[in-house]
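I have placed the structure first, in the form of structure tokens, so that the comments after it can refer back to it.
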Amino acid sequence: MLNLYNSYTKSLEEVELSQDEIKIYLCGPTVQSSPHIGHGRSSVVFDFLIRYLKYLNHKVLFVRNITDIDDKIISKSSEQGIEFQELANKVMTEFGDVYSSLNCLTPDKEPKATEYIDEIKEYITQILNKDMAYISESGVYFETSNFTDYLKLSGRKLDEVISGTRVELQDDKNAPEDFALWKFAKEGEPYWDSDWGKGRPGWHIECSAMINALLGEEIDFHCGGNDLIFPHHENELAQSKAAKPNKNFVKYWLHNGMINLSGKKMSKSEGNVKILKDYIDEYSGDVMRFYFLRAQYRSPQEFTEDLLIESRTTFKKISEFVEESKSAPIDKNLLNIFEACMGDDLNTPKLIGEIFIQINHSVTLEEEELQNLRSTVRFIFDILGFTFTKVENEKLPKDKLIKFFEEYKIIFETIEQAMGEFISIREKYRLEREYKIADEMRNKLLEIGIKIEDGKKDGWSWNNN
RNA sequence: GGCGACGUGGCGGAGUGGCUACGCAGCGGUCUGCAAAACCGUGUACACCAGUUCGAUUCUGGUCGUCGCCUCCA
């Protein structure tokens, strides 16, 4: 059983899944600036869902779009004196890198708005033909007053939409709440030809058109951050229902909560954006994923670097528990827990708690049961997209190492060889009860970033932390 | 201002009408030459005020507070 919160009905619903392909559309980024933690959350959280659906033996058709043309991209690129495509491509690459280091499943299709201009124009024509849009001086606009269900998704009232608006209103619109399907190009702006005039698509229409082109008239899940509910998804829904009144555009609307930086929402306008890549590089994709796993996907989630450090510590425990084991779904009890938690609107924090309860109880288990538990925990984390790849040890500069080991008359060839000799020298001192020297060696080694942990099998390890 | 969400121990974060969440940190211990690591043990938190109830952190109402959306945003 899978219960998920549907933003449209504002309630937890038992999801009905057909045995056919499940169609999922995730609103991807506008490629105007580098990905931040919030982008990471949205992609990882819905990656959990997709992977879980696959675990439940469903076929999934997953589309995530890229908005590569919009006002911000145009203005930013012109500030930098480059073509808008150049900026879009650069940022797009950054997003691709981040998705892959977070081990998010590659979408089956990843359409860009600029590659679907024909479909977009065709879609606008359909809306015009249904008398749900009109052409004015500055563009083609959606006639919201002709769409009775407008604002049903976001639950707003019409006068609120206008009263809160501080943006200059276009005076060639029939109503202030009407939104652009096609914006006519101003001097110097990029444009595509159309029957109505040279211009570019509005923000919302690309999603309607690309969903229609790639997934069809009806889809199962439409996902994105909850900041997109209004106006983006509201308008998208209006367009799609206007073009196809008899179709149920989206079965379930799913929205993830925002990341908060020290109590504040992180957004471009607040200027408190942190670059996601830096954290991935420092903490690894698994740790970032685990950080996202710690919060239920709809709740706002606190972000500080300390919480990332904590996530690393906690995740390390799990990796060590699972390290030597093969992934296998053996422990039925734990699998039931897994499904119960995931089925409860993806309650991943609860799942983590339950897994730790199992780990804590494992001391009483027989060897075989313990192995089964380890394998099953590993299996669950595999399903959730964790890789358990060891963090590449930070490369210390070789000259620094050579110099360091010279002091102890060790000729550096490889780190293993040099450390082996270093340890045996130090061991000699320890046997001779020359603890001062031994401790000093340990401390000096720590200064260059290598930590000795006496009593461990290996005897030494990198200090990645 | 409008709409919505939320307020759980030092921090993060589940959950429940009566019973241990869990993780991190802290504290005590075992081990150790000393550390570290590891292991064992350890905490009567549920914003405030009323009400319903045999009993409320969990239900209802109010108060205060925090956050989000309302404008491009995941």
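Within every chain, numbering begins at 1; the chains are lettered A, B, ... in the order of the sequence lines, protein sequences first and strands thereafter.
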_Check against side chain to side chain donor-acceptor pair (under 3.5 Å), A:Glu234 and A:Ser154_ = CA-CA 6 Å; A:Glu234 190 72 68; A:Ser154 60; 2.6 Å; yes

*Out of B:rA74, B:rG33, B:rG13, which has the shortest distance to the side chain of A:Glu302?*
B:rG13

*Between B:rC34, B:rG2, B:rA74, spot the one nearest the side chain of A:Pro29, thanks.*
B:rA74

Rounded to the nearest angstrom, tell me the gap between atom [atom1] in [X] and atom [atom2] in [N].
| X | N | atom1 | atom2 | result |
| --- | --- | --- | --- | --- |
| A:Asp70 | B:rC72 | CG | P | 10 Å |
| A:Gln301 | B:rU66 | CD | P | 22 Å |
| A:Glu427 | B:rG33 | CD | P | 11 Å |
| A:Ile337 | B:rA21 | CD1 | P | 17 Å |
| A:Gln358 | B:rG23 | CD | P | 12 Å |
| A:Leu351 | B:rG15 | CG | P | 12 Å |
| A:Ile357 | B:rG15 | CD1 | P | 13 Å |
| A:Phe179 | B:rC72 | CZ | P | 12 Å |

OP1 or OP2 of [N] under 4.0 Å from side-chain N/O of [X]:
| X | N | answer |
| --- | --- | --- |
| A:Ser299 | B:rA14 | yes |
| A:Lys436 | B:rC34 | no |
| A:Asn347 | B:rG15 | yes |

*Could you go through the side chain to side chain contact (heavy atoms under 4.5 Å, CB included) check for A:Tyr283 and A:Phe290 one step at a time?*
CA-CA 11 Å; A:Tyr283 292 90; A:Phe290 190 76; over 6 Å; no

Whom does [N] pair with, Watson-Crick or G-U wobble, provided both distances fall under 3.5 Å?
| N | answer |
| --- | --- |
| B:rU16 | none |
| B:rU32 | none |
| B:rA47 | B:rU63 |
| B:rG1 | B:rC70 |
| B:rU52 | none |
| B:rG23 | B:rC11 |

*Contact class for A:Gly40 vs. all strands (heavy atom < 4.0 Å): base, sugar-phosphate, or nothing?*
nothing

*asked:* For a quick check of understanding: with a heavy-atom distance under 4.0 Å over all strands, which category does A:Arg442 fall into, base, sugar-phosphate or nothing?
replied: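 Here A:Arg442 touches the bases of the nucleic acid.
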
*Between B:rC27 and B:rA35, how far is it from one P atom to the other, in whole Å?*
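It comes out at 14 Å once rounded to the nearest Å.
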
*Classify the side chain of A:His255 versus the base of B:rA74 as yes if they form a donor-acceptor pair under 3.5 Å and no if they do not.*
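There is none.
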
*Decide, yes or no, whether a salt bridge links A:Lys317 with A:Glu320 under the criterion of side-chain N to carboxylate O below 4.0 Å.*
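No, no charged N to carboxylate O under 4.0 Å.
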
*Is the charged tip of A:Arg64 near the ring of A:Tyr99: under 6.0 Å from the six-membered ring centre and within 45° of its axis?*
yes

*Is A:Gln239 close to A:Phe179 at the side-chain level, that is, under 4.5 Å between some pair of heavy atoms?*
yes

*asked:* Can you confirm whether the side chains of A:Gln296 and A:Asp345 place a donor and an acceptor under 3.5 Å from each other?
replied: yes

